[in-house]
Amino acid sequence: MGIEKLHLEDALEDSPQTRSLLSVFEKDAMTLKKYTTGLHNCCQRIMKAQNELCAATQSLSQHLRDFEIQKFPLESDDSVLSSTLKQFSSYLDDVSSIQQVLSAQFSETMMYPLSRFLQADLEEVTTLCEMYQIASNEHDSAMNRYMRLPKKKESERQKSEYNEELYLMRKKFHQTSLHYYSSLNALQYKRKCSLLEPVMGYLHAQRAFFQMGQDAVGKKEIEDFLNNISTSVQGVQQELQTETKKTVELIDSLEQQSAHLYHAEPMVDMPYIPPNTTLTQKAGYLYVRRGKHFHVPGPIGKQLIATKWERCFFFTVGGNLMSQARDEVISTNTKKLAGSLVLDLNEPGVLAEPHESDDRRFVFQIVSPKNKRNVVLQAENEREKDEWICTLNNIVRESGYVKGKGGGPQAKPKERTSSSSSMSKPGSGSVSPDQASISSMSSTGAVPKTPAPTPSSSFVADAPIQFDLLTPTSQNGGVAPSLPGPPNPEPRINPFDQSANEVLDTLDSAIDNSTFVESFVVRFLGSMEVTTDRGEKLVHETMRQIMAARAIHNVFKMTESRLVVSSEAMRLIDPATNTLRTTFALADISFWAAHPENTRLFGFITRTKPPGATNSTFSCHVFECNISAEEICQAIGTATKLAFQALMEKKAMEKIQQVKTREKNILLQNIQQLEDAPEDEEDSLHNLPLSPDGKYLVLTAADESEDGMESGDLSQPMEKLTVESMQQPISDSFDTEDVEPESEA
């Protein structure tokens with residue numbers, strides 16, 4: 001199909017048909033101009049983007065080179081990463097140079113033809129259109145003036161002027177129309193060229209760019225370099241995945257281990273963690289009380305003291321107590337805490353002790369008599385307070401640091417008494433009345449009273465904590481005796497669904513003959529050696545030590561047993577196999593108590609005297625039960641009462657038997673003397689007083705009084721042997737030869 005044209009021959013006639021066709025060409029030219037302007041804007045964006053890409057690539061290359069001049073605290077100077085980034089920078093420089101070439105080609109082959117078409121061709125058509133409209137209007141005006149001339153001869157001169165004017169305007173209009181029509185006709189040809197040239201130039205530039213890029217970046221050395229870097233990155237990613245997995249597991253473990261640290265004061269249902277009383281170094285945040293003196297003006301000057309509590313980080317180093325503010329930086333040279341000295345713990349008379357404050361809890365102070373200075377500090381909770389007090393006193397007592405010297409074994413330890421407010425609290429009523437009567441008997445002289453335990457003297461140094469219950473099989477290498485009755489084939493999974501008052505179906509002969517038997521489901525938590533045989537605070541402290549050790553070492557397994565308390569012994573029976581695990585003789589149990597806060601915890605102290613040893617050892621065993629521990633303590637108290645009563649009765653029966661044996665021996669001796677008497681004394685023997693039937697000898701009044709003094713204590717009825725004699729510890733009463741019952745207090 002041919003291209004539509006405007007006929008130049010019709011330009012002078014300017015018919016309506018020509019005008020209509022001209023309007024179509026004008027509309028097409030305006031649309032083409034609008035479209036070309038949009039195309040020019042798109043190409044301009046590409047050009048700007050290419051220039052920006054080139055500049056960005058250059059900036060990236062420079063930034064990679066700047067890595068080696070950055071002083072990273074954790075990056076070494078000869079880092080492989082620095083050299084690798086530098087190599088990448090050199091490759092990016094090559095890419096940037098190629099991009100600059102592409103940008104220049106875009107400007108020449110894409111932007112220049114399109115800009116020329118807009119400015120030279122389309123703008124020319126627009127200008128000619130305006131000129132055509134002006135020429136048309138001038139021609140119409142000249143035609144109107146010429147046609148209004150009159151017929152008079154006097155107007156010849158005017159006719160000539162108007163005719164000349166019409167000639168000029170018509171010539172101008174014709175020439176303008178010819179140029180305008182020819183421009184519109186040429187625009188139809190230029191349309192195809194001017195719209196195709198920019199796109200063709202863009203593609204040619206891209207092809208050249210990719211070809212140069214392939215030559216520059218597709219080298220073998222670059223391919224090998226990228227393969228090595230890719231392998232290294234994949235290895236690092238695998239290490240990251242492994243490390244992430246370990247980190248997640250570590251986070252879960254730390255969250256479980258730190259659950260008890262989230263509360264400033266542990267909740268009631270959480271395990272009670274006791275303070276570590278053997279520390280010689282400690283660090284942590286404490287609040288310190290600081291005071292300021294203000295002078296009040298007036299006739300008599302007064303000093304006012306305002307106190308303020310500040311939170312600082314305290315730590316012990318080299319026998320000194322140091323402090324450091326939160327925003328205080330660490331020394332970059334020594335990589336150590338750059339704290340300030342609070343107090344020299346090696347000075348004579350330094351003592352850490354609890355302090356009562358009117359507005360603060362968990363407050364303790366460090367007293368320095370030499371400097372006449374008291375440092376008042378506040379801990380987060382009672383355990384932190386006790387640990388700080390014990391740690392500071394341990395440092396003072398051990399003299400771990402002397403100026404100019406290191407601490408040596410010859411250094412004489414300073415004698416200090418470390419006190420702890422948590423260990424001076426009275427009992428919370430967890431000990432039964434029976435146990436109170438037993439402990440009160442210890443001051444009557446039967447057994448020397450054990451001094452109150454202190455954090456440094458309650459436990460054997462480095463005493464291990466036993467979490468597993470040693471059975472007779474593990475102790476002696478034999479097989480534990482099986483109790484009568486069918487074994488339980490299914491061990492209990494949940495120990496909390498068992499009843500504490502369930503009836504025992506398997507008891508040995510000793511339990512069958514007991515006057516008192518009770519059974520409880522218990523779980524063994526642990527045991528450790530202690531230095532004394534009694535003390536409620538000692539039992540509570542042992543519980544805290546064992547619970548803390550379980551929490552620290554993540555020991556959650558507990559051995560479940562059936563505790564059978566009888567008037568003869570305490571036995572632990574395996575509920576799964578009905579075998580005897582261990583037996584505690586009542587004579588070896590010296591003290592028992594329940595936890596003051598956790599009503600399901602109880603413990604008791606046993607004494608053991610190894611063969612050939614001169615001193616006894618003491619161990620505290622801690623158990624957990626399903627019911628209130630007070631019930632088990634009351635059962636132990638009842639069993640010991642009955643055992644003591646049975647012991648008293650047994651000793652009384654033995655004494656009666658001894659008196660009867662003595663009387664029998666006296667009678668036999670008298671009879672022997674009668675048989676050996678001479679004949680001249682037989683008459684005098686007939687004068688001895690006899691019973692009416694003559695079978696028995698009647699004793700004299702003197703003999704009756706003498707024998708009455710010896711056996712008079714047997715005339716007392718057994719009912720007067722009250723159970724209140726239980727005030728003497730049962731373990732000591734078993735070793736006493738002569739026991740005198742005491743009246744009820």
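One side chain, Q62 or D66, offers a donor N or O that lies under 3.5 Å from an acceptor on the other. E13 and T18 share no donor-acceptor pair across their side chains, judged by distance under 3.5 Å alone. Counted by atom type alone, S253 and Q257 present one or more donor-acceptor pairs between their side chains at under 3.5 Å. Of the N and O atoms on the side chains of S115 and H40, at least one donor lies less than 3.5 Å from an acceptor on the other residue. At a cut-off of 3.5 Å, with distance as the only test, a side-chain donor of R65 or S61 sits close to an acceptor on the other residue.
With a 4.5 Å cut-off on side-chain heavy atoms, E164 and E161 do not count as touching. Here the side chains of M111 and Y202 are not in contact, with every heavy-atom distance at 4.5 Å or above. Using a 4.5 Å heavy-atom cutoff, the side chains of N41 and R45 are not in contact. The closest side-chain heavy-atom distance from W309 to D359 is below 4.5 Å. Counting heavy atoms from C-beta outward, E310 and S323 have side chains that stay 4.5 Å or more apart. Counting heavy atoms from C-beta on, the side chains of L178 and Q175 never come closer than 4.5 Å. Looking at heavy atoms from C-beta onward, L166 lies in side-chain contact with M143 at the 4.5 angstrom threshold.
With values rounded to the nearest 0.5 angstrom, L22 atom CG is found 13.0 Å from Q17 atom CD. In this structure, CG in L92 is found 10.5 Å from CD in Q87, a value given to the nearest 0.5 Å. Going from atom OG of S83 over to atom NZ of K86 covers 9.0 Å, rounded to the nearest 0.5 Å. Summarising the geometry, atom CD belonging to E124 is positioned 13.5 Å from atom CG belonging to L118; distances are rounded to the nearest 0.5 Å. One distance of note links CG of D215 with CZ of F210; it measures 13.5 Å at 0.5 Å rounding. The OG atom of S97 sits 9.0 Å away from the CD atom of Q58 when rounded to the nearest 0.5 Å.
S20 contributes no side-chain N or O that, together with a main-chain N or O of P16, makes up a donor-acceptor pair within less than 3.5 Å. A side-chain donor-acceptor contact under 3.5 Å links T127 to the backbone of E123. Checked by atom type and distance alone, the side chain of T244 pairs as donor or acceptor with a backbone atom of L240 at under 3.5 Å. Looking only at distances, a side-chain donor or acceptor of S183 sits under 3.5 Å from a matching main-chain atom of H179. In terms of modelled atom types and a separation under 3.5 Å, the side chain of S107 and the main chain of S103 share no donor-acceptor contact. With hydrogens and angles disregarded, no donor-acceptor distance shorter than 3.5 Å links the side chain of S160 to the backbone of E156. Formation of a donor-acceptor pair under 3.5 Å by the Q50 side chain with backbone atoms of Q99 is found in this model. No donor-acceptor pair under 3.5 Å is formed between the side chain of T176 and the backbone N or O of Y132. In this structure, the side chain of N381 engages the main chain of R383 through a donor-acceptor pair within 3.5 Å. Counting only distance, with no hydrogens or angles, the side chain of Q324 and the backbone of F313 share no donor-acceptor pair below 3.5 Å.
Aromatic ring pairs are classed by plane angle as parallel below 30°, tilted from 30° to 60° and perpendicular above 60°; the pair F88 and F225 is perpendicular. Ring geometry, F314 versus W388: the interplanar angle exceeds 60°, so the pair is classed perpendicular (tilted spans 30 to 60°).
L377 pairs with exactly one of V363, I389, V342, L286 by the side chain to side chain contact (heavy atoms under 4.5 Å, CB included) rule, that one being L286. With R361 as the partner, the salt bridge (Lys or Arg N to Asp or Glu O under 4.0 Å) test is satisfied by one option alone out of E384, E356, E265, E380: E265. Under the side chain to side chain contact (heavy atoms under 4.5 Å, CB included) test applied with H174, the options L8, D14, L12 reduce to a single match, L12.
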Worked check of side-chain contact (heavy atoms from CB on, under 4.5 Å) between M322 and T316: CA-CA 6 Å; M322 312 289 291; T316 59; over 6 Å; no
Working note: Y91 + E221, criterion side-chain contact (heavy atoms from CB on, under 4.5 Å); need CA distance, chi angles, decisive distance, verdict. CA-CA 11 Å; Y91 294 148; E221 57 175 318; 4.2 Å; yes
The test is side-chain contact (heavy atoms from CB on, under 4.5 Å); show your working for S136 and R19 and say whether it passes. CA-CA 11 Å; S136 177; R19 283 273 181 170; 2.6 Å; yes
Applying side-chain hydrogen bond (donor to acceptor under 3.5 Å, both in side chains) to Q133 and Y180, what does each step give before you reach the verdict? CA-CA 10 Å; Q133 293 295 335; Y180 184 41; over 6 Å; no
Steps toward side-chain contact (heavy atoms from CB on, under 4.5 Å) verdict (L321, I395): CA-CA 10 Å; L321 179 62; I395 296 175; over 6 Å; no
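Applying the 6.0 Å contact sphere to CZ of F209 captures more than 12 heavy atoms from other residues, nucleotides or ligands. In the displayed structure, R207 atom CZ is contacted under 6.0 Å by at most 12 heavy atoms of other residues, nucleotides or ligands. Around the CE atom of M212, the shell of radius 6.0 Å holds more than 12 heavy atoms that belong to other residues, nucleotides or ligands. In Y167, the OH atom is not crowded: 12 or fewer heavy atoms of neighbouring residues, nucleotides or ligands sit closer than 6.0 Å.
In terms of heavy-atom proximity, M169 sits nearest to A142 at CG-CB, 3.8 Å. Looking at every heavy atom in both residues, L122 comes nearest to K33 through CD1-CA, 3.6 Å. Taking every heavy atom of both residues into account, G213 and I98 meet most closely at CA-CD1, 3.7 Å. The two residues H204 and Q105 have their closest heavy-atom pair at O-OE1, 4.5 Å. The two atoms that bring L343 and S368 nearest to each other are CD1-CB, 3.9 Å, heavy atoms only. Between N374 and Q365, the shortest heavy-atom distance links the atoms ND2-OE1, 3.7 Å.
One finds a salt bridge joining E382 and K385 here, because a Lys/Arg side-chain nitrogen approaches an Asp/Glu carboxylate oxygen to under 4.0 Å.
Remark: R326 is positioned above the aromatic ring of Y285, its terminal NZ or CZ atom under 6.0 angstrom from the ring centre and at most 45 degrees off the axis.
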